[in-house]
K.L.:
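Below is one structure. I have some questions about it.
Naming convention: chains lettered A, B, ... in sequence-line order (proteins, then strands); numbering from 1 in each chain.
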There are 2 protein chains.
Amino acid sequence: MTYRAPVRDMIDTIRHAAGFDAIQAQGLYGELGADLIEQVLDEAGRFAADRLAPLNRVGDTHGATFADGVVTTAPGWKEAYGAWAAAGWNAVAGPPEWGGQGLPLVVQVACAEMWNSACMAFSLAPLLTSGAIEALSAHATPELKRTYLEKLVAGVWTGTMNLTEPQAGSDLSALRARAVPASDGSYRVTGQKIFITYGEHDMTDNIVHLVLARLPDAPPGTRGISLFLVPKFLVNPDGSLGARNDVRCASIEHKLGVHASPTCVMAFGDEGGAVGYLIGEENRGLACMFTMMNNARLSVGIQGVAIAERAFQQALAYAQERRQGRAGGSADAMSAIVAHPDVQRMLMTMKALTAAARAICYRTAAALDGAHLASDPATRAAAHAHASLLTPVAKAFSTDIGVEVASLGVQIHGGMGFIEETGAAQHLRDARIAPIYEGTNGIQAIDLVARKLPVAGGETVRAAIAAMRVTAARATNARVDGLGTTAARLRDAAESLDRATAYMLKALAGNAPDDALAGAAPYLRLFGLAEGLSAMTASALAAHEAMAAGDTNPAHAGRIALTRFFAENVAPAASGLEQTVLGGAPSVQAAPLVLAG
Amino acid sequence: MTYRAPVRDMIDTIRHAAGFDAIQAQGLYGELGADLIEQVLDEAGRFAADRLAPLNRVGDTHGATFADGVVTTAPGWKEAYGAWAAAGWNAVAGPPEWGGQGLPLVVQVACAEMWNSACMAFSLAPLLTSGAIEALSAHATPELKRTYLEKLVAGVWTGTMNLTEPQAGSDLSALRARAVPASDGSYRVTGQKIFITYGEHDMTDNIVHLVLARLPDAPPGTRGISLFLVPKFLVNPDGSLGARNDVRCASIEHKLGVHASPTCVMAFGDEGGAVGYLIGEENRGLACMFTMMNNARLSVGIQGVAIAERAFQQALAYAQERRQGRAGGSADAMSAIVAHPDVQRMLMTMKALTAAARAICYRTAAALDGAHLASDPATRAAAHAHASLLTPVAKAFSTDIGVEVASLGVQIHGGMGFIEETGAAQHLRDARIAPIYEGTNGIQAIDLVARKLPVAGGETVRAAIAAMRVTAARATNARVDGLGTTAARLRDAAESLDRATAYMLKALAGNAPDDALAGAAPYLRLFGLAEGLSAMTASALAAHEAMAAGDTNPAHAGRIALTRFFAENVAPAASGLEQTVLGGAPSVQAAPLVLAG
C-alpha cells in the first residue's frame with residue numbers, strides 16, 4: 001500500500017522521451033537543468049509518499065460526508081492539504097507575478113503525477129484550482145486577478161469548474177443556468193450544476209467557482225454562454241472574507257471511486273442570485289473555459305498515468321512476496337509468482353503501458369512549454385499545434401490504460417485483489433472516472449479526428465508521423481541488440497498510423513464525417529501506441545548511448561528491455577487497429593439493424 | 001435496471017452457433033426440439049426478470065451480513081431462493097434418478113446465463129451446488145448418493161467447494177487441511193479454508209461442503225489430497241437433520257462486488273474434527289475435484305456472458321433515452337446518443353463480444369453433451385477432447401469480455417455511470433471476480449496451451465481450426481452482401497491461430513515451455529476471437545438461409561450485421577496477437593531486468 005515516486009523514470013522521460021534536453025539546448029528553459037528538476041521531484045516524492053499516500057485508504061473508506069450543505073472531508077485531509085499548500089506545492093507552475101514558482105509545465109505534470117499516485121481523490125482539488133488559475137490569468141480583469149489569483153496560486157483557496165447540468169453534459173449547448181447584470185457591474189447567477197468536483201469542502205476558507213451561464217439576451221447554443229467567477233464568500237476590498245454568497249451544495253454523489261473527493265450538486269441563486277463577475281467577454285465563455293479545459297485534459301491524462309504507476313507498484317510488491325507454484329527450473333520450493341511467465345507478462349504490460357502514457361503526457365507538457373516559451377512566433381505556433389494534437393491522445397490513451405493497468409493489478413493479486421482491504425480494487429474504482437470526465441474519451445477521439453487532424457491541411461499530424469519515422473531510422477541504425485525488432489515495429493506502427501490518417505483526412509474532406517467518426521476511437525488508440533513507442537524508443541536510444549559512454553547503471557538496460565516489450569507485445573495491435581479504421585465504418589453504420597431488435 | 005432474457009438470441013446460438021441442429025440430426029437429443037427449449041427458456045426468462053432481477057441492487061447495497069458465525073442474506077433472498085428451487089430450476093440438468101429433469105447442458109447453460117444476468121451474486125449458490133452434484137454423481141458411494149443427491153438436485157440444500165487455503169490458491173499442492181480416519185469409516189476433518197462461496201447462509205437448512213484435505217500418511221504435493229463431504233448438519237438415516245457438525249464460518253469478506261454472495265472463511269474441526277466422508281479414492285481427491293471444476297469453469301464463463309448481456313441491455317436503454325448533441329444530418333433537436341457513431345461502436349462492441357462469448361460457451365456445453373450422449377465411443381472421446389479444449393477459452397475469454405463490456409457500459413453512461421445508484425458500476429464490480437476465481441485466466445491460458453494443445457499430438461486443436469476454415473469457405477461461397485469481408489477476416493483469424501498453434505506445439509515439443517507460456521494469454525485471446533467469429537459466422541449463414549427461404553424476421557439481418565461488425569472491428573486484432581505469440585517471448589523473459597530496478 002506504500003508508494004515510492006519513480007523519480008528516475010520521470011527524469012528520464014522528461015529528458016529523453018518528452019524532449020527536455022533538446023528544448024533546453026535551444027535555451028528555452030533558461031537556467032533550469034535536470035539537476036534542479038531532480039531536486040524538486042525528490043522533495044515532491046517524499047511529500048507524496050509520506051503525507052499523501054496514507055490518506056488514500058482512509059479517504060476511500062470514510063469518504064467525504066454531507067450534512068445540511070456542509071461537506072466534511074475525511075480525517076486528516078484538511079491538515080494534509082494545509083501542509084501541502086504551505087510547502088508551496090500548489091504554486092509549482094503558477095505565474096510568478098502572483099507568487100508562483102513559474103516552473104515549466106513538464107515539471108508540474110511530474111509533480112501532479114506524484115500527488116495523484118499517492119492519492120487521486122486528494123489531487124482533484126488542486127487539479128481544478130489550477131484550471132481556475134489559468135482561466136483567470138488569461139481572461140480576467142486586473143481587479144479580479146488582484147483579488148483572487150494570489151490566494152488561488154498559494155492554494156489558500158481552491159477553484160472549481162461548473163459546466164455540467166442534468167440536460168447538458170457532453171453537449172454544453174443545452175446549458176440553462178442564467179446570469180443577469182446587476183447595477184454594480186456584477187451579475188446575479190442562478191441555476192443548478194451537477195458533478196462539481198470539490199464544489200464544497202472544509203479544506204480552505206473560500207472556494208472560487210467558475211460558472212458557465214447565459215445572459216438574458218444571449219443567442220441560443222454554444223455562442224450564448226458566458227463565464228462567471230462566483231466566490232463562496234464575497235471578498236472585501238482589503239482581501240478579507242465578506243458575506244456568504246448565494247451558492248450552496250445541495251448534495252454529494254455516492255460514487256464508484258474517488259470517494260473522498262466530494263462530487264457536488266451546486267445550487268446557485270436559490271435566494272435571489274449568486275453574485276458573479278464576468279470573465280472575458282459576454283457570450284465568449286466557452287472559449288475561456290476551453291483555456292482551462294485543455295490543460296485539465298492533460299491533467300486528467302496524468303491521473304491515468306498516476307493510478308497505473310500506483311497499481312503497478314502494488315502488484316509488483318505482491319508478486320515478489322506471494323509464493324505459488326514452481327517456475328522454470330525451480331526445484332521443490334514455491335516460487336515468487338513474479339517468476340511465472342504469465343505474471344511477468346502482466347507486470348511488463350502494466351509498466352510498459354504506464355511508461356508509454358507518461359511519455360505522451362510529458363511530451364504534451366513539453367510542447368505546451370514550447371508554445372509559451374519559444375521566442376519565434378512560428379516555433380510557438382508549431383509547438384501549440386503539436387500540443388493541441390497530442391492533448392486528446394494524452395487524455396484518452398492514458399486514462400484508458402489507467403483502467404486497464406489497474407485491472408491487471410487486481411488480477412495479479414488473485415482472490416486477494418477482489419478483497420477491498422488489499423487496496424488493488426480501489427485503484428480500479430478510482431481509475432474508472434478518468435475516461436469519463438473532462439470530456440469523455442469518445443469526445444477526445446472526435447476532437448482528435450474531426451478538429452485536430454485537419455488543422456493546416458494535416459501538416460501537424462504529418463510532422464508527428466515524420467518524427468516517428470526518424471526515430472525508427474535512428475533505432476535501425478543504432479543496432480541495439482536489446483531492442484530486438486523495436487525499430488521494425490515502430491516503423492510498422494507509424495505506417496499504420498500514416499495510412500489511417502490519410503483515410504481520416506480523406507473521409508473528412510470528402511464529406512463523409514461519419515466514416516471518420518466511426519473509427520475515431522481505434523484511431524486514437526493507434527496514435528497512442530505509435531506515439532508511445534516512438535517516445536519510449538527515443539528514451540531507449542538515450543539509454544544505449546549512456547551505456548556506450550560507460551554508464552553502468554542497470555536502469556538503462558531495463559529501459560531498453562521495457563521498450564522492446566512494448567514494441568513486441570503491445571504495439572503489434574497497431575495493424576488490427578488500422579484495419580478497423582479503414583474497414584470498420586460500414587458495419588458500425590449498420591448498428592440500427594442490430595440495436596433496434 | 002430491468003432485464004429481459006434474450007431468448008431469441010439464445011435459441012439461435014444453441015441451434016446454429018453451438019451446433020444443436022447438427023447434433024439433433026444425429027438423434028442425440030432424442031425428442032428434445034427447439035420448440036421445447038424455447039418454452040423452457042421463456043419460462044426461465046420470466047422468473048429471472050420478475051423474481052431475480054429485483055434482487056440485484058438490494059443485494060449489492062445490503063450485502064450478506066455476518067454475526068457470531070451466522071450469515072444472513074439480503075432481504076428477500078431466502079424467499080426468492082425458495083421459490084426458485086420450488087419451481088424446479090435447480091434441477092434442470094440434474095440426473096433423473098435423483099429427481100433432475102436431465103435436460104442437456106446446452107439448455108442448462110442458457111438458463112444459468114439468465115440467473116446470472118438477473119443476479120450474479122444469487123446465482124453463485126446454485127453454481128456451486130451443481131458442481132457438488134457432479135462430483136457426487138461421479139465419485140460418491142451409493143449411500144452418500146442416496147443421502148445427499150436428491151436434496152442437492154432439488155436445491156433444498158446447497159453445495160460448496162472448499163479448496164483454497166491462505167498459502168494454497170492457484171497451487172493446491174500446498175494444502176494443509178487434514179483428515180483422520182475414524183473408527184466408523186468416516187473421517188475427522190480439520191483446517192481453515194478461505195474464499196468459500198456461500199460457505200454459510202440462511203437460504204437452506206443444510207449445506208454440503210466438499211473439502212480437500214490430506215490423510216495422515218498422504219504423500220506430499222497434489223498426489224496426497226483427498227476429497228471429503230462435510231455436511232453442516234449431520235443427516236440421520238431417515239433423512240432428517242441431526243447434530244451440528246464441527247464446521248463454522250469464521251468471517252466473511254468485504255469485496256469489490258457480488259456483495260450479496262457471502263465469501264466465507266471456514267473453520268473445520270475447531271472442536272476436535274468435523275465429520276467427513278471420503279469421496280472417491282484416498283489421495284485421488286484432485287481428480288474428483290476436477291470433475292466439478294471443469295463444469296464450474298464453463299459456468300463461470302457463462303457469468304461473463306451474463307453480466308455482459310445485462311450491462312449491454314442497460315447501456316442500450318440509456319443510450320436510447322439520453323439526448324446529447326446532434327448526430328449525422330439531425331437538425332436542431334438533440335439526438336439520442338445511440339445515434340452517435342462512437343456510441344454505436346461501443347454498443348456494437350458490447351453486443352458482438354457478448355455474442356461471441358455466448359457462442360463459445362454454448363458450443364462447449366454442446367460438446368459436453370456430445371461427450372455424454374453419443375453412442376459411439378470414438379465420437380464421445382472426440383467430443384470430450386473438443387470440450388476440454390474449449391473449456392479454458394470459454395472461461396477466460398468470456399470473463400475477460402465480461403469486464404470489458406461492463407466497463408464499456410459504464411462509459412456509455414458518462415458521468416452517470418460512475419454514480420452507484422445508476423447500477424452500471426455494479427456490473428463492472430461484479431464482473432471483476434470472474435477472471436479470478438475457478439482458476440485465474442492466467443491458469444486457463446496455461447491449461448489451454450500446456451495441457452490441451454498437445455493432446456493427441458495436436459489433433460483436437462487442428463480439427464477445431466479445420467472447422468473454422470470450413471465455415472470461412474462456406475461464407476465465401478454464400479456471397480452474403482451484408483457480411484462484407486467476414487469470410488476473409490475469419491480465414492485470416494484461422495490462419496493466425498494455425499501459425500500460433502504450430503509455434504506453441506513446437507515450443508512445447510522443443511523443451512522451451514517458457515516460450516509457450518509467455519504467449520499463453522494472447523494465444524487464448526486469439527483462439528477466442530477465431531472461435532467466436534467462426535461460431536457467429538455459422539449463425540449468420542443460417543440467418544441468411546432463413547431469409548433466402550422467405551423468413552422476414554428482421555433479427556436475421558441484425559445477426560448478419562453483428563457478425564460483420566465482429567469480423568471487421570473486433571477480429572482484426574488477431575494478426576497482432578499472432579505476432580505477439582510468435583515474437584513476444586524474449587522480451588517477456590527480460591522481465592527481471594525491468595522489474596528488479
Side-chain angles (χ1 to χ4, degrees), chain A residues 169-171 195 253-256 316 324-325 328 338 341-342 344-345 347-348 351 403 410-411 414-415 417-420 425 432-433 435-436 440 442 445 484 514 517-518 520-521 554-555 557-558 561-562 564-565 568-569 572-573 575-576 579-580 583-584 586-588 590-591 593-595 597, chain B residues 169-171 195 253-256 316 324-325 328 338 341-342 344-345 347-348 351 410-411 414-415 417-421 425 432-433 435-436 440 442 445 484 514 517-518 520-521 554-555 557-558 561-562 564-565 568-569 572-573 575-576 579-580 583-584 586-588 590-591 593-595 597:
Chain A
S170 297
D171 185 353
F195 297 157
E253 306 291 351
H254 174 219
K255 308 189 300 295
L256 175 62
L316 177 60
Q324 287 288 277
V338 73
D342 187 64
Q344 291 177 335
R345 162 174 297 284
L347 286 166
M348 291 287 275
K351 191 165 172 78
V403 175
V410 170
Q411 189 69 19
F418 203 61
I419 307 297
E420 284 288 3
R432 193 61 193 79
I433 186 57
I436 295 172
T440 65
D514 278 3
L517 296 180
L562 186 67
R564 179 181 183 180
F565 178 88
E568 296 181 347
N569 287 276
S575 64
Q579 201 176 42
T580 298
S587 62
V588 173
L593 266 181
V594 177
L595 303 177
Chain B
S170 297
D171 185 354
F195 298 157
E253 307 291 353
H254 173 217
K255 307 189 299 296
L256 175 62
L316 176 61
Q324 288 287 278
V338 72
D342 188 64
Q344 291 178 334
R345 162 174 297 285
L347 286 166
M348 291 287 276
K351 189 162 174 80
V410 171
Q411 188 70 20
F418 203 62
I419 307 298
E420 284 288 2
E421 283 78 1
R432 194 61 194 79
I433 186 58
I436 295 172
T440 65
D514 278 2
L517 296 180
L562 186 67
R564 179 181 183 180
F565 178 87
E568 296 181 347
N569 287 276
S575 64
Q579 200 176 43
T580 297
S587 62
V588 173
L593 267 181
V594 177
L595 303 177

K.L.:
I need the A:Gln411 CD to B:Thr440 OG1 distance, nearest 0.5 Å.
P.N.:
6.0 Å
K.L.:
Which bit of A:Ala561 is near chain B, if near means a heavy-atom gap under 4.5 Å: side chain, backbone, both or neither?
P.N.:
both
K.L.:
Shorter than 4.5 Å, heavy atoms on both sides: which option in A:Phe195, A:Phe565, A:Phe418 has the most such pairs with chain B?
P.N.:
A:Phe418
K.L.:
Chain B heavy atoms under 4.5 Å from A:Ala557: which part of the residue, side chain, backbone, both or neither?
P.N.:
both
K.L.:
Under a 4.5 Å heavy-atom cutoff, which of B:Ala518, B:Ala555, B:Ala425 has the most pairs with chain A?
P.N.:
B:Ala518
K.L.:
Heavy atoms only: give me the nearest A:Gly576-B:Ser575 pair and the separation to one decimal.
P.N.:
N-OG, 4.3 Å
K.L.:
Specify which of A:Ala590, A:Gly583, A:Ser170, A:Pro572 makes the most heavy-atom pairs with chain B at under 4.5 Å.
P.N.:
A:Pro572
K.L.:
So which of B:Pro435, B:Ala520, B:Pro586 has the largest heavy-atom pair count under 4.5 angstrom toward chain A?
P.N.:
B:Pro435
K.L.:
Between the side chain of A:Asp171 and the main-chain N/O of B:Gly325, is any donor-acceptor distance below 3.5 Å?
P.N.:
yes
K.L.:
Looking at A:Pro341 and B:Val588, what are the two nearest heavy atoms and their distance?
P.N.:
O-CG1, 3.8 Å
K.L.:
Indicate the atoms forming the closest heavy-atom contact of B:Leu316 with A:Leu595, along with that distance.
P.N.:
CD2-O, 3.8 Å
K.L.:
Do you know which two heavy atoms are closest between B:Ser587 and A:Asn569, and how far apart they sit?
P.N.:
OG-ND2, 2.7 Å
K.L.:
Using a 4.5 Å cut-off on heavy atoms from C-beta on, say whether the side chain of B:Leu593 contacts that of A:Pro554.
P.N.:
no
K.L.:
For chain B, which candidate among A:Arg432, A:Gln579, A:Arg564, A:Gln344 shows the most heavy-atom pairs at distances under 4.5 Å?
P.N.:
A:Arg432
K.L.:
Pick whichever of B:Ile436, B:Asp342, B:Val338 has the most heavy-atom pairs under 4.5 Å with chain A.
P.N.:
B:Ile436
K.L.:
Hey, which of A:Glu420, A:Lys351, A:Glu568, A:Met348 has the most heavy atom pairs under 4.5 Å with chain B?
P.N.:
A:Glu420
